Amino acid sequence: MKTFSTTARLREALASERRNGRRIAFVPTMGNLHEGHLQLVRRAHELGEVVVVSIFVNPLQFGANEDLDKYPRTLTADKEKLFAEGVQYLFHPGVAEMYPNGMGEQSIVSVPGVSERHCGASRPGHFDGVSTVVTKLFQIVQPDVAVFGKKDFQQLAVIRKMVADLCMPIEIEGVTTARDLDGLAMSSRNGFLSRAQRELAPFLHKTLQECREAIACGFDSYAELERHARLSLLDAGFEPDYFSICDARTLDQVTLDTEEIVILAAARLGETRLIDNVTLNFNPSADWGMLAAH
């Protein structure tokens, strides 16, 4: 595995791969890698002959009172995991490499509509930071395909729209959320949970599943389901941010034309903000088997 910290050297190496006709798959990350990240890497190997992973904790997507300074940085361990997975290239730039003129002078990529609700409403500017850094990374790596996890469902939707709107010749692949045995979605922030909080945390996914099953059984008062879920989370010890039932394509309200819904949730346990989601296709053949398994 070759590690680069500058755009010029990485581009030079990847230009050689491109000249040899190799398909490039890209996995952008902020490091502190866990099994969920490694599943993205394995999917990238299936989609491309050359796998590039980036590790960059992007300050542009963190708000003033968020956990940028506390965000775990574990580069040595991350390198070992990526080497074991057969990654050919690691891009690990510094802030000065990504924002040479400073973040205040950085051109911003903003994706309207899909970025403004849910996490976008709770974290103003967050998705502008995400779309800007992902655009820069796409320009640097110029991949054929990029792989993202579905745990950050809204982020994936923002990136899909950005790529379509800006005519980027990149395929976007979403990978199913990796979970611990108790259902908790894997996240670097899970390490901030106390033992008691970690035992409680899977209740978020359980609440999402119960809501999905109620809808699948015909309960269509979505506002009532959302209210009940928020109260359940609050009673359990969470501080709910949002719990929203929406169209999976637009992330807006469910309509008669909706083919698939997504139930999005964000809630705090202590100082740790957890996000998760589940989906339900209104084509019965697509989801009844899955629901029966539960």
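Model, not experiment: these values are computed from the prediction. In what follows, every heavy atom counts, from backbone to side chain, and hydrogens, waters and symmetry copies are set aside. Residues: numbered from 1 along the sequence shown.
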Report yes or no: does [X] contribute a side-chain atom to a donor-acceptor pair with the main-chain N or O of [Y] at less than 3.5 Å?
X: D182; Y: L184; value: yes
X: N58; Y: G129; value: yes
X: S194; Y: Q197; value: yes

- Report the distance from atom CG of D241 to atom CZ of R123, rounding to the nearest 0.5 Å. 9.5 Å
- Query: Would L137 and L33 show up in the same hydrophobic cluster when neighbours are defined by side-chain heavy atoms closer than 4.5 Å?
  - Reply: no
- Give the cluster check for F127 versus V262: same hydrophobic cluster or not, with ILVMFWY residues linked at side-chain heavy-atom distances below 4.5 Å. yes
- Show the numbers, then the answer: is there a salt bridge (Lys or Arg N to Asp or Glu O under 4.0 Å) between R22 and E17? CA-CA 6 Å; R22 298 189 180 97; E17 300 285 6; 2.7 Å; yes
- So, are E12 and R9 salt-bridged, with charged N and O less than 4.0 Å apart? no
- Heavy-atom closest pair (K151 atom, T177 atom, distance to 0.1 Å) is N-OG1, 3.1 Å
- Which pair of heavy atoms, one from P72 and one from S188, lies closest together, and at what distance? CG-O, 4.2 Å
- Please tell me if the side chains of R268 and L274 come closer than 4.5 Å, counting only heavy atoms from C-beta onward. no
- Query: According to the interplanar angle, ranging from 0 to 90°, do the rings of F138 and F26 count as parallel (below 30°), tilted (30 to 60°) or perpendicular (above 60°)?
  - Reply: perpendicular
- Message: Looking only at side-chain N and O atoms, does E97 offer a donor or acceptor that is under 3.5 Å from a partner on T7?
- Response: yes
